[in-house]
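Presented below is the structure to which this report refers.
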Amino acid sequence: MDEVSVERVAPYAAADAAITFRLVGYLRPKLEALDLMTLYNDLEMPLIPVISAIERKGVVLDTTYLRDLSTKLNGMLSQLEEDIYAVSGQGKFNINSPKQLNDILFDKLKLPTEGLKKTTHGYSTDANVLDSLSGQHIVVDKILEYREVNKLKGTYVDTLPELINPHTGRVHTSYNQAGAATGRLSSSNPNLQNIPIRTELGREVRRAFVAAEGNKLLSVDYSQVELRILAHISQDKTLLEAFSQGQDIHAATAAAVNGIPVEEVTKEQRNFAKRVNFGLIYGMGAFRLARDSKLTLAEAQAFIRTYFERLPGVEKYLDETKQAARKGPIKTLFGRQREFAILRNASEGSNKVAIQGEERVAINMPIQGTAADIMKQAMLNLYHELEKSSLKGRMILQVHDELVLEVPEAEVKETSAMVVRVMEGAYQLDAPLRANANVGDNWRDMSSV
DNA sequence: CGAACTTGCCAC
DNA sequence: AAACGTGGCAAGTTCG
Ligand SMILES: Nc1nc2c(ncn2[C@H]2C[C@H](O)[C@@H](COP(=O)(O)OP(=O)(O)OP(=O)(O)O)O2)c(=O)[nH]1
Ligand SMILES: [Mn+2]
Ligand SMILES: [Mn+2]
């Protein structure tokens, strides 16, 4: 675009606007009919300049650090490749090719394929399958490690520095405000909503996101956000009571899964318990739970039974939502809505798999969507509070229920208090919103404010 | 040859 | 192949 003269671009740009404008006559009556004008006028429209400001501000990367990290990963990859070829004893092959990997693992090395997950062509070699084959052959663990390192290097370490804008010296993501079906934002070019955090090596990538000179990164993240929204919407007595007592449900689930006291739950265990909590709520089965955890199938079945026995209000809400989705659109607390065509048209002969699949989509939408609504409201409120104050800190990233700001060192305390207050006050829930603030020189090494 | 699809995996 | 959901990206393979 910047290679074409203004004279030639002008008519194109004008047509862009003029033709889009014609959509108003078609779309506005629809918004009015669906009662969406308030959401549109008071939230989505005013949020546009907020998102635009975040994109234009961008974030600083420690490129020196990333270069060193790349070198380190290169060394690891060379060693892993060498090891993989040696122990598989079949000479060189492309480890990244599922086809060739299938051939090596299941044909040449004769690893057991009984009950193994299949893909369109051969047997799956995803991390879960390889985990189950770990111990059968030493190459399996090597491949898993190779996958992790190769992913980090290819997707983040070598790619992010290329996307630094030479004019600003910062990386500028692009947020899609109207892409996700639930109302969430998404991020691309690069996606800054999926920066690694789970593994030690992955956190090395996060370390490369730094504050500009004289500043700190301030990260504020909602506590157990979708669980609180679920408690509010379902009015489940147990869940509401738990939150009123300040309980940590993720930690409690971690304790139950591992059969340990809540005080002994590690970060990793709590993190895994998140997936259990949201997985079960949104329809995970015993097979998957058993496979992902260390539980047997019978234990997983019992766990799920007990889980919902303790949360009868949640179970009732989930059932009611599945039924409601057959009669009309499902809505978030802000009125955002989504239709479920398969459920609307469900009849005797309908595809059961498709119906159950869409039921899971339907029960997720109002919860995830409400979380997205709330975060959008918080971003809008915070933007204006920051503007009208004399504080210089500004938002630089949104990661669904987390805001990252770049803040002058001297203003961290005051800004943090403001962000927490605005985020917690964005919407009144019966399980009140809570947000945790952390600060640091980079996005990895942070401590509680 | 590039587009479209597949497989796998990172985050919330 | 599984009864968590929402995304985006890289590499390989197949399609046209
Ligand atoms: N369905 C589903 N939703 C998830 C998953 N992971 C995260 N989410 C959604 C629900 C969470 O409330 C929300 C924000 O993710 P967080 O990692 O911040 O977790 P959460 O806020 O629940 O706990 P926290 O107190 O921040 O550690 O994103 C998942 O594995 N499955
Ligand atoms: Mn959170
Ligand atoms: Mn979060």
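Letters A, B, ... mirror the listed sequences (proteins, then strands); counts begin at 1.
Few gaps surround CZ on A:R344; more than 12 heavy atoms of other groups in view lie less than 6.0 Å from it.
Taking atom CD of residue A:Q100 and atom P of nucleotide C:dA11, one finds them 16 Å apart after rounding to whole Å. Look at CD on A:Q398: it is 14 Å from P on C:dG7, rounded to the nearest Å. In this structure, A:F287 places its CZ atom 10 Å from P of C:dA1, rounding to the nearest Å. For the pair A:I304 CD1 and C:dC4 P, the computed distance is 9 Å after rounding to whole Å. Counting to the nearest Å, the P atom of C:dA1 and the CG atom of A:D292 are 17 Å from each other.
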Check the pair A:M423, A:L382 against side-chain contact (heavy atoms from CB on, under 4.5 Å), reporting the backbone distance first and the verdict last. CA-CA 8 Å; A:M423 281 177 67; A:L382 178 61; 5.7 Å; no

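Identified under the ring-ring contact (aromatic ring centres under 6.0 Å, His included) test for residues 342-365 of chain A, with sequence neighbours left out: none. The list of ring-ring contact (aromatic ring centres under 6.0 Å, His included) pairs with a residue in residues 104-145 of chain A, not counting sequence neighbours, reads A:F106-A:Y123.
Under a cutoff of 6.0 Å and an axis angle of 45°, A:R207 and A:Y65 form a cation-pi pair.
Taking a cutoff of 4.0 Å between a charged side-chain nitrogen and a carboxylate oxygen, A:K92 and A:E81 do not qualify as a salt bridge.
A heavy atom lying under 4.0 Å from DNA chain C marks the following residues of residues 117-127 of chain A, by number: A:K117, A:K118. Within a heavy-atom distance below 4.0 Å of DNA chain C, no residue of residues 433-443 of chain A is found. Looking at residues 361-377 of chain A, you'll see A:V361, A:N364, A:Q368 sit with a heavy atom under 4.0 Å from some atom of DNA chain C.
In this structure, a donor-acceptor pair under 3.5 Å is present between the side chains of A:R228 and A:S223. A donor and an acceptor atom, one from each side chain of A:N381 and A:E385, are nowhere located under 3.5 Å apart.
Checking the phosphate oxygens (OP1, OP2) of C:dG7, no side-chain nitrogen or oxygen of A:N194 falls inside 4.0 Å. OP1 and OP2 of C:dG7 both lie 4.0 Å or more from every side-chain N or O belonging to A:T182. OP1 or OP2 of C:dG8 has at least one side-chain nitrogen or oxygen of A:S186 nearer than 4.0 Å. Taking 4.0 angstrom as the limit, A:R360 places none of its side-chain polar atoms (N or O) nearer than this to OP1 or OP2 of C:dA3. Taking 4.0 angstrom as the limit, A:R288 places a side-chain polar atom (N or O) nearer than this to OP1 or OP2 of C:dC4.
When atom types are taken as modelled, the side chain of A:R206 and the backbone of A:P196 share a donor-acceptor pair closer than 3.5 angstrom. In this structure, the side chain of A:S124 does not engage the main chain of A:K118 through any donor-acceptor pair within 3.5 Å. A donor-acceptor distance shorter than 3.5 angstrom exists from the side chain of A:R170 to the backbone of A:K57, with no hydrogens or angles considered.
At a threshold of 4.0 angstrom between heavy atoms, the contacts of A:R291 include nucleobase atoms, whether or not backbone atoms are also involved. In this structure, A:N94 reaches the sugar-phosphate backbone alone: every heavy-atom distance under 4.0 Å involves primed, P, OP1 or OP2 atoms, never a base. Using a 4.0 Å heavy-atom cutoff across all strands shown, A:N189 reaches sugar-phosphate atoms only and no base atom.
Distance noted for atom C1' between C:dA1 and B:dT7: 14 Å (whole Å). When the P atom is compared between C:dA2 and B:dG8, the two are found 15 Å apart, to the nearest whole Å.
Nucleotides of DNA chain B with any atom under 4.0 Å from a heavy atom of chain A span, from 5' to 3', B:dT6 to B:dC12.
A:L343 approaches A:R326 most closely through the heavy-atom pair O-CG, 3.5 Å. Contact record, A:Q193 with A:V399: O-CG1, 3.8 Å, taken as the closest heavy-atom pair.
Aromatic rings from A:F278 and A:H250 are positioned such that their centres are separated by under 6.0 Å.
Map A:T155 and A:G283 each onto its nearest nucleotide of DNA chain C; the residue landing nearer the 5' end is A:G283.
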